[in-house]
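Taking it in order: structure first as structure tokens, then the write-up.
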Amino acid sequence: EMLQTYLDYFTSNYNGNRAPVHIGHHFAKWNGGAYWRAMQAFATRVCGLPEVRCVKYSDLETYLETQGPEKILAFQQAEFPKLEPVRLASVQKNTRALDLRLDLEAGPENTLTANLTGSDLAEVLRDPGATVVWSVNGNPLRSDRLGEHHVTNVPVRLGETVSAAVTYRGREILTQTKVAQGPVHFRDEVFLSPTALEDIALHGDLPSAHDSPENTHSGI
């Protein structure tokens with residue numbers, strides 16, 4: 001219902017006077033993340049359409065400030081050339097989110113281990129193209145056939161940001177990113193932060209969600 005509301009809002013503005021579409025979100029997983037998923041699906045659906053730009057407020061402000069009063073008035077009255085009206089397909093009522101969870105850990109000799117659980121795990125594993133993509137500091141290093149308990153020989157070093165991304169039916173469906181910490185008890189081994197960076201980024205009420213990536217590794 002939330003996604004359909006966003007699409008109706010966009011369609012009305014796109015086919016009307018092209019007033020900027022604004023969606024304000026608190027970065028928290030209310031209602032099981034329903035609003036967050038709706039916003040992501042909405043952006044995926046519309047940001048690539050003709051004559052659409054998904055931008056920051058500062059970019060919009062800069063653009064409007066370069067237009068004169070007559071141009072702004074023309075915008076408000078929808079007096080400008082534009083493409084034919086769009087008709088976005090309705091949201092499928094029978095779509096559902098997969099019940100799948102990913103936990104990324106540091107394995108033996110500082111390798112990475114990805115553990116998958118959830119009632120839909122068997123369905124995902126039946127896909128011969130299901131993979132896990134390993135990345136360090138944002139750089140993809142390798143892609144492996146997905147398994148329920150998957151270990152890679154990609155080494156993990158102190159302070160690095162590591163991630164595992166699950167691909168199913170050609171689309172990335174799950175990602176977890178953590179920071180390598182340690183040493184622990186004077187050993188050379190590292191461990192991964194207990195909280196994934198994706199979860200930190202979603203907690204807009206926490207100060208760490210607003211810190212700079214350079215200082216906290218919390219940028220996604």
Side-chain angles (χ1 to χ4, degrees), residues 1-100 120 124 129 133 138 163 165-177 196-213 218-220:
E1 292 178 355
M2 197 72 253
L3 175 56
Q4 188 63 61
T5 299
Y6 289 164
L7 293 176
D8 291 343
Y9 171 33
F10 169 84
T11 302
S12 175
N13 285 32
Y14 186 90
N15 296 337
N17 67 356
R18 293 288 178 88
V21 169
H22 158 77
I23 295 178
H25 263 268
H26 293 282
F27 296 100
K29 291 183 177 179
W30 294 332
N31 280 359
Y35 303 110
W36 181 252
R37 291 195 303 272
M39 182 270 292
Q40 290 177 314
F42 169 77
T44 301
R45 193 81 167 272
V46 306
C47 286
L49 293 176
E51 301 180 348
V52 174
R53 298 292 184 272
C54 294
V55 300
K56 299 180 295 184
Y57 290 114
S58 58
D59 295 334
L60 174 61
E61 180 183 19
T62 299
Y63 174 77
L64 292 177
E65 286 179 345
T66 62
Q67 312 301 315
E70 293 182 359
K71 194 69 171 292
I72 296 298
L73 180 61
F75 285 163
Q76 293 173 339
Q77 297 177 349
E79 294 176 352
F80 50 85
K82 54 187 175 182
L83 296 176
E84 293 298 319
V86 299
R87 293 176 177 82
L88 299 177
S90 299
V91 178
Q92 296 295 323
K93 298 301 182 181
N94 58 351
T95 56
R96 66 179 181 86
L98 288 170
D99 176 25
L100 192 67
D120 292 315
V124 174
V133 178
S163 68
V166 175
T167 300
Y168 170 64
R169 294 184 177 178
R171 299 188 65 181
E172 183 179 303
I173 61 172
L174 198 60
T175 303
Q176 188 170 95
T177 308
L197 298 189
E198 287 84 357
D199 292 333
I200 294 176
L202 293 177
H203 293 166
D205 55 330
L206 299 180
S208 60
H210 305 280
D211 290 338
S212 64
S218 63
I220 302 301

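All residue numbers refer to positions in the sequence shown, counting from 1.
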Which pair of heavy atoms, one from [X] and one from [Y], lies closest together, and at what distance?
X      : Y      : answer
Thr175 : Ala165 : OG1-CB, 3.7 Å
Leu100 : Leu174 : O-CD2, 3.7 Å
Ser163 : Thr177 : CB-OG1, 3.4 Å
Ile72  : Gln67  : CD1-CB, 3.9 Å
Ala41  : Leu3   : CB-CD2, 3.9 Å

Revision key, fill the gap. For Phe10, the ring-ring contact (aromatic ring centres under 6.0 Å, His included) test, sequence neighbours excluded, returns Tyr14
Review point. By side-chain contact (heavy atoms from CB on, under 4.5 Å), which residues pair with Asp8, not counting sequence neighbours?
Key: Gln4
Solution key, residues 55-64 side-chain donor-acceptor pairs under 3.5 Å, sequence neighbours excluded:
from: Tyr57; atom 1: OH; to: His22; atom 2: ND1; distance (Å): 2.4
from: Thr62; atom 1: OG1; to: Ser58; atom 2: O; distance (Å): 2.9

Review point. Does Phe42 reach the side chain of Leu7, with side-chain heavy atoms less than 4.5 Å apart?
Key: yes
Study note, to complete from the structure: side chain to side chain donor-acceptor pair (under 3.5 Å) filter on Thr167, not counting sequence neighbours, yields none
Practice item. Name all pairs fulfilling the salt bridge (charged side-chain N to carboxylate O under 4.0 Å, His left out) condition that reach into residues 63-80, sequence neighbours left out, sorted by first residue then second. Key: none
Review point. Does any pair with a residue in residues 42-84 pass disulfide bond (SG atoms under 2.5 Å apart), and if so which ones, sequence neighbours excluded?
Key: Cys47-Cys54
Point to revise | Any donor-acceptor pair under 3.5 Å from Asp99 side chain to Asp120 backbone | key: no
